[in-house]
Student: 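Structure in structure tokens, see below.
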There are 2 protein chains.
Amino acid sequence: MEDLTEMLKGTLEGCVLEIINAEETYGWAITRRLNDLGFTDVIDGTVYTILLRLERNKLVQVTKRPSEVGPPRKFYSLNDAGRAELATFWAKWQYVSSRIDRLKEGGR
Amino acid sequence: MEDLTEMLKGTLEGCVLEIINAEETYGWAITRRLNDLGFTDVIDGTVYTILLRLERNKLVQVTKRPSEVGPPRKFYSLNDAGRAELATFWAKWQYVSSRIDRLKEGGR
DNA sequence: ACCGGTATTCGGTGTTACCGTATACCGGTA
DNA sequence: TACCGGTATACGGTAACACCGAATACCGGT
């Protein structure tokens, strides 16, 4: 599936939040995870801008750790604000997706 | 539900396409339909820019008709290109939403 | 000494939803 | 007649977002 970019707006950040919530992880691994999930066209740069935003908005805790295979990695984990943000993201997602599905089914 | 704006990016146009597909209609009525669907914060101006975009991209046929209660209405209906666009929209939606749901369920 | 894979950063771009405002037409009311 | 509220379209500007390209950095193997 190609050119999903517009449809991912507003959801990609939530996805990254969920991935971090599942496990403390870092930028490059998050990109791979998204690719594996089916979002094959999501690129490093996109994820890093999201990560920077999350950090700026104080939704994550960041720990820099050396890597054995390259430059140091910045590991991200959610703080309380991040978990709250994730919860509202899922609430919005449920709301929006259920309503769009209803429209799709010719819903009134 | 408030502040859905970011999440609607990329989907709102598809919703408008679907509404027009169901029935030849006009801007103000489309806005009302979206509000009824649960997208209460979507405003006239937003819908008109989408309509203008659809027209510019030659996805709709436009017919101006007089109204009994106000200025003339611009009625929109889909042409072949519009129906094709709608089909790809739903395909993308199915793809994206299923994958996000999978992520939500702790999917691998 | 070089190269490929891993990893982060940053400046710039295009698309999008939203907002405010202006314009237009009609019916009712004072 | 003059005004106002509801219906309807149009438009310029803004902020947020995903994306792109290029630069930088570190390591292991050849």
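None of the values given here were measured: they were computed from a predicted structure. To find a chain, count down the sequence lines: A is the first, B the second, and so on, and within it residues start at 1.
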Student: Using a 4.0 Å heavy-atom cut-off, does B:T5 contact any base of the nucleic acid, only the sugar-phosphate backbone, or nothing at all?
Tutor: sugar-phosphate
Student: Rounded to the Å, how far apart are A:Y26 OH and C:dA7 C1'?
Tutor: 8 Å
Student: Between C:dA7 atom C1' and A:L34 atom CG, what is the distance in whole Å?
Tutor: 16 Å
Student: Which whole-number value in Å describes the distance from A:D44 CG to D:dA18 P?
Tutor: 15 Å
Student: Which atom pair, heavy atoms only, marks the closest approach of B:V42 to B:N35?
Tutor: O-ND2, 3.1 Å
Student: Rounded to the nearest Å, what distance is computed from the CG atom of residue A:L4 to the P atom of nucleotide D:dC19?
Tutor: 9 Å
Student: Return the value, rounded to whole Å, for the distance between atom CG of A:L8 and atom P of D:dC20.
Tutor: 12 Å
Student: Does D:dT9 have OP1 or OP2 under 4.0 Å away from a side-chain N or O of B:Y48?
Tutor: yes
Student: Starting at the 5' end of DNA chain D, which residue's closest nucleotide do you reach first, B:Y76 or B:K9?
Tutor: B:Y76
Student: Can you measure B:W28 atom CH2 to D:dG6 atom P for me and round it to whole angstrom units?
Tutor: 11 Å
Student: What is the nucleic acid contact for B:I50, judged by heavy atoms within less than 4.0 Å: base, sugar-phosphate only, or nothing?
Tutor: sugar-phosphate
Student: For C:dT8, take OP1 and OP2 only and decide whether either is under 4.0 Å from a side-chain N or O of A:R73.
Tutor: no
Student: What is the distance from CG of A:L51 to P of D:dC17, rounded to the nearest Å?
Tutor: 14 Å
Student: Quick check against the 3.5 Å criterion: does A:N79 have a side-chain atom that pairs as donor or acceptor with the backbone of A:A81?
Tutor: yes
Student: Between B:T46 and C:dA17, is there a contact of a side-chain N or O with OP1 or OP2 at under 4.0 Å?
Tutor: no
Student: Of all heavy-atom pairs between B:K74 and B:Y26, which one has the smallest distance, and what is that distance?
Tutor: O-CB, 3.1 Å
Student: Under a 3.5 Å limit for both distances, which nucleotide forms a Watson-Crick or G-U wobble pair with C:dA30, could you say?
Tutor: D:dT1
Student: Toward the 5' end of DNA chain C, which comes first, A:E6 or A:K74, by nearest nucleotide?
Tutor: A:K74
Student: Going by purine N1 to pyrimidine N3 plus the second Watson-Crick contact, or the G-U wobble pair, all under 3.5 Å, which nucleotide sits opposite D:dT30?
Tutor: C:dA1
Student: Using heavy-atom distances to pick each residue's nearest nucleotide on DNA chain C, tell me which of B:V42 and A:G27 is more 5'.
Tutor: A:G27
Student: Starting the side chain at C-beta, find the nucleotide from C:dA17, C:dT9, D:dA10 nearest to B:L52.
Tutor: D:dA10
Student: Classify B:R32 by what it touches in the nucleic acid, base, sugar-phosphate, or nothing, heavy-atom distance under 4.0 Å.
Tutor: sugar-phosphate
Student: Would you mind reading off the distance between A:F75 atom CZ and C:dT6 atom C1', rounded to a whole angstrom?
Tutor: 13 Å
Student: Of all the heavy-atom pairs spanning A:S77 and A:E24, show the shortest one and how long it is.
Tutor: CB-CG, 4.1 Å
Student: Apply side-chain contact (heavy atoms from CB on, under 4.5 Å) to residues B:I20 and B:L86 and explain how you reach the verdict.
Tutor: CA-CA 10 Å; B:I20 295 173; B:L86 179 58; over 6 Å; no
